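Encoded as structure tokens, the structure appears first; notes follow it.
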Amino acid sequence: MTYRIKGIDPAPFRHLFGLTDEELAKQGVVRMTVTEKPSFPCRISLTDRDIGEQVLLLNHVSHDVANPYRASHAIFVTEDAEEAAEFVDEIPPVFETRVLSLRGFAADGMMADAILTQPGEADAGIRRLFADPKIATIHAHNAARGCFSARIERA
């Protein structure tokens with residue numbers, strides 16, 4: 001079984017890149033400077049950003065479905081990210097140091113199963129969830145803060 005983890009497409013955020021802090025604030029977005037690593041995971045590159053870099057903190061709808069599991073939360077994106085990172089049968093750097101909530105969704109967008117994985121256990125957790133044929137996609141969330149990290153699909 002092969003799986004693909006892909007960062008978020010930067011296109012919907014490009015209109016925010018380069019705006020002043022005041023212009024961002026009018027849209028509910030905050031520019032932040034990275035103060036520790038790991039701590040500011042970019043959802044486009046799926047990497048923790050380096051100390052001193054700037055990221056945008058914004059709300060993102062990660063599960064846009066017409067059922068009770070519709071979800072949005074705060075995420076970080078890097079302003080200079082050009083394209084979404086992609087990992088096939090490989091765990092991205094942002095998963096390596098975090099406890100993850102892996103949420104398996106059926107094709108209708110309803111949650112079918114969910115598990116917590118400790119650092120270093122993401123691959124096994126993904127494979128365990130995808131062993132269930134009802135699960136069409138998995139959403140990884142950082143367990144501590146609950147924010148969306150990445151979508152995982154069968155490849």
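For clarity, every value in this text was computed on a predicted model and none was experimentally measured. Quick note: residue numbers are just sequence positions, from 1.
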Are [X] and [Y] side-chain neighbours, meaning at least one heavy-atom pair lies under 4.5 Å?
| X | Y | answer |
| --- | --- | --- |
| Lys26 | Leu19 | no |
| Pro41 | Leu46 | no |
| Leu56 | Phe13 | no |

Of the options Asp123, Thr117, Ile115, which is the one that meets Arg128 in a side-chain contact (heavy atoms from CB on, under 4.5 Å)?
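The residue from Asp123, Thr117, Ile115 that satisfies side-chain contact (heavy atoms from CB on, under 4.5 Å) with Arg128 turns out to be Ile115.
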Between [X] and [Y], is there a donor-acceptor pair closer than 3.5 Å when you use the side chain of the first and the backbone of the second?
| X | Y | result |
| --- | --- | --- |
| Glu90 | Phe87 | no |
| Arg98 | His141 | no |
| Asn67 | Gly109 | yes |

Apply ring pair (Phe, Tyr, Trp, His ring centres under 6.0 Å) to Phe95 and list each qualifying residue two or more places apart in sequence or on a separate chain.
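Testing Phe95 for ring pair (Phe, Tyr, Trp, His ring centres under 6.0 Å), a comparison that skips the adjacent residues, returns none.
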Would you say that more than 12 heavy atoms from the other residues, nucleotides or ligands in this model lie under 6.0 Å from the NZ of Lys6, or not?
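Atom NZ in Lys6 is not packed in, count stays at 12 or less.
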Heavy-atom count check: over 12 atoms from other residues, nucleotides or ligands less than 6.0 Å from Glu83 CD?
no
Which atoms form the tightest heavy-atom contact between [X] and [Y], and what is the distance?
| X | Y | result |
| --- | --- | --- |
| Thr47 | Arg49 | OG1-NH1, 2.9 Å |
| Phe40 | Thr33 | CZ-O, 3.9 Å |
| Ala143 | Leu116 | CB-CD2, 4.2 Å |
| Ile5 | Pro92 | CD1-CD, 3.6 Å |
| Ile44 | Ala81 | CG2-CB, 3.5 Å |
| Ile138 | Leu102 | CG2-CB, 4.0 Å |

Determine, stepwise, if the pair Leu100 / Asn142 fulfils side-chain contact (heavy atoms from CB on, under 4.5 Å).
CA-CA 5 Å; Leu100 298 174; Asn142 297 330; 3.7 Å; yes
Of all residues at least two apart in sequence or in a different chain, which pass the salt bridge (Lys or Arg N to Asp or Glu O under 4.0 Å) check with Glu79?
Arg31
Pair Arg127 + Asp89, salt bridge at N-O below 4.0 Å:
yes
Single-linkage hydrophobic cluster, 4.5 Å side-chain cutoff, Ile152 and Val88 together
no
Tell me whether the rings of Phe148 and His60 are parallel (<30°), tilted (30 to 60°) or perpendicular (>60°).
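Ring orientation of Phe148 relative to His60: tilted.
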Evaluate the side-chain contact (heavy atoms from CB on, under 4.5 Å) criterion for residues Ile75 and Ile8: first the C-alpha distance (whole Å), next the side-chain angles of each, then the deciding distance (0.1 Å), finally the verdict.
CA-CA 10 Å; Ile75 63 167; Ile8 296 171; 3.7 Å; yes
Residue pair Arg70, His63: steps toward the side-chain contact (heavy atoms from CB on, under 4.5 Å) verdict:
CA-CA 5 Å; Arg70 186 175 199 279; His63 195 51; 5.8 Å; no
Begin with the C-alpha distance, continue with both residues' side-chain angles, and end with the deciding distance and a verdict on side-chain contact (heavy atoms from CB on, under 4.5 Å) for Cys147 and Arg43.
CA-CA 10 Å; Cys147 48; Arg43 297 333 191 280; 3.0 Å; yes
